[in-house]
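First the structure, in the form of structure tokens, and then the observations on it.
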Amino acid sequence: MKFLKLSAGAMALTAGLSGHAWAQTALTMWYHGAGNEVESQIINQIVSDFNASQSDWSVTLESFPQGAYNDSVVAGALAGSLPDILDVDGPVMPNWAWSGYMQPLQIDESVIANFLPGPKGYWDGKLYSIGLWDAAVALVTRQSYLDELGLRTPTLDQPWNAEEFQAALDAAKNSGKFDYALDLGTAWTGEWYPYAFSPFLQSFGGDIVDRSTYLTAEGALNGEAAMTFGHWWQDLFANGYAPATQDGADRDTGFANGKYAFSWNGNWAALGALSTFDDTVFLPAPDLGNGPKIGAASWQFGVSASSEHPDGASAFIQFALQDKYLADFSNGIGLIPATAAAAAMTENYKDGGPMAMFFGLTEAQALVRPVTPGYVVEAKVFEKALADIANGANVEDTLDAAVDEINADIERNGGYGH
Amino acid sequence: MAIVTPENRGLRLVVRYTVLTIIAVIFCFPLVFMIMSSFKPSQQLLTDTGSLRAFLPVGDLSFDNYIEAFARAPIGLFVFNSMFVTGTTVILTLLICSMTAFSFVYLKWRGRGLVLSIILATLIVPFETIVIPLLLLASKLPWLGLHGIEWGWLNSYRVQIIPFVADGLTIFLFVQYFKDLPGELIEAARVEGASWPQIYRRIVMPLSGPVMATAAILKFLAMYNSYLWPLMVVQKEQYRPVMVGLQYFFQLNIAWGEIMAYLSLITVPVLAFYLLLQRAFIASIASTGVKG
């Protein structure tokens, strides 16, 4: 009997101590950061802080390696096993929303009023996802190179125009000091192509698809501006300014080894470049006629369509949007915080910080990739077209074929809801 | 063709072994590169790829990549998961497929030819074409667990094992091998009053070492290297196998040295298993004509 009393007492005590947790409704979350120790620590800290901050919801996190994440989500959607909260790469979000994997967020949008535009994931007029950071691409070089080649240092207010950019490439090539003037990162296949190179096309005045309707690529990807871009792109390789093919090792070490004068690279590689040369500078994208452009939108949080607790899931996401967490992610993994206030809290992006230029770059030049469910197909078509043109394919034929392929896909999918 | 004489026999042997040694070395290059690179910092590793230094233990060598790799991913868990799934699948496959083949070869039941043809026809169906129906099926199947009936097999070992415990290739291997066993042995055993299970267990299987080794190695490699299926059906880290775990190392800034360390570690079980069974494997290939 004594044992029974003791057991009952212990159970009551346990129930009392953990009553806080018992009252919480369980939410599940998938995140793409497995394998990144720092990133995992930060997201776990946010989850832990959220669970301790209130008594309604308790989030449990399952991390996936980034390379396997999208396929896992698609499989999870097919199997009906999606979590409440998931993260999604910005340009992919419209496809997942259109496919019925996601539902609109239920957060107070005044909270994100000061956010950079890139991290805001809108589809069909509704906010489906929101990111804690953005990413940006810049032209990486050394101040000493600019000085030796007699080049003006471009600024956000006064980026190089097309002629100046061409003159810079010519100067680098003619100096005989480098194997190539420009490292475009052609070794990085996949999303790098539309993310890094479609801004050149947009700076010429073209686009991957006609954004006024999203129902055709006609005129956008094979119009006069796009053809001019195509020939410019092909000439970069044909005239020896940049290598059309590249191996991963060359991409990782080429600029550091002095093989290239300029490297078109992202802010995630900036700290490495800074540590390699003490006079590393990050230059804005050139204005090729229609304004300087760079890509925008990185990973963002959203709520799955199958979540039975979208209010709880949205509450977590809103909780994660605090400046201190934005700053933590930035300090931890080097990405651009989504607000100026958070940027001021970071080592790299505060005024005078070594990567502050990237924040201004995102504010001034960022353009999100086409906001359409068809983007996932259009991106692959665009990548193949650019690779073919780089390797000598006829520009007009290649871009016309790409337009046909994109239009056929749009038609096959009933216009993707546009 | 030149005639072999006592005078040139030595020279021919030298030439033959030289060529074979060169081919063997070339085949070893990837493994040597992987192991050597696993001890080098990423920067040096990438720089060395342009020269023979990539295959030599030179430069700044250390175990740092291994230490970092263990910090980045639960490698022990992934290797255990893969070994458990692979080992269980191999054992069940050998059992089920050999019994199936036994019934096709020795039990004279009506329609066995047609059924065998259908099973062999599955060899030409790529797994990728059935993966989505299989996923939908696996996500709805019942399972009797400790807490009663559970629905859905996702996030478990069974979903990685059971769909693969029988396959057309393994059945085909056993059928071909059993057909070549002396029929007199089976007839003699039947005359002596042995039952079919006794013949399977006491006569056929003890004679099937080579085909068992071949089937085991082929199945082991297929299961140990599987990526797509576990990627789709396993969402919890506790059940992830080594190939999905490899993705942990592909971050924005790829740590090539750690990748090489991870690959070196997960290659050890494969090499050990192959070395264990290689004699029987080669004997089986020689007798069945199956190419690995």
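Proteins come first, then strands; the chains are lettered A, B, ... in the order of their sequence lines, and each starts at number 1. Remember, predicted model here, so these are calculated numbers, not experimental data.
Heavy atoms from other residues, nucleotides or ligands lying under 6.0 Å from CG of B:L275 number more than 12. Under a cut-off of 6.0 angstrom, the local environment of CZ in B:F127 is crowded, with over 12 non-hydrogen atoms contributed by other residues, nucleotides or ligands. Surrounding CD1 of B:I124 are at most 12 heavy atoms belonging to other residues, nucleotides or ligands under 6.0 Å away. More than 12 heavy atoms of other residues, nucleotides or ligands sit less than 6.0 Å from atom CG of B:L56.
Between A:A249 and B:L46, the closest heavy-atom pair is CB-CD2, 3.5 Å. Between B:L231 and A:A68 the shortest heavy-atom distance is CD1-CB, 2.9 Å.
In this structure B:I22 satisfies the side chain to side chain contact (heavy atoms under 4.5 Å, CB included) test together with B:T18, B:I26, sequence neighbours excluded.
Contact of B:L246 with chain A is not made at all, since no heavy-atom distance falls under 4.5 Å. Contact annotation for B:A255: neither backbone nor side-chain heavy atoms come within less than 4.5 Å of a heavy atom of chain A.
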Show me the donor-acceptor pairs under 3.5 Å between chain A and chain B.
| residue | atom | partner | partner atom | Å |
| --- | --- | --- | --- | --- |
| A:A34 | O | B:Q251 | NE2 | 3.2 |
| A:G35 | O | B:R72 | NH1 | 2.7 |
| A:E62 | OE2 | B:E237 | N | 3.0 |
| A:S63 | O | B:R240 | NH1 | 2.9 |
| A:S63 | O | B:R240 | NH2 | 2.9 |
| A:S72 | OG | B:L231 | O | 3.4 |
| A:S81 | OG | B:Q235 | NE2 | 3.0 |
| A:D252 | OD2 | B:W256 | NE1 | 3.2 |
| A:W268 | O | B:N253 | ND2 | 3.1 |

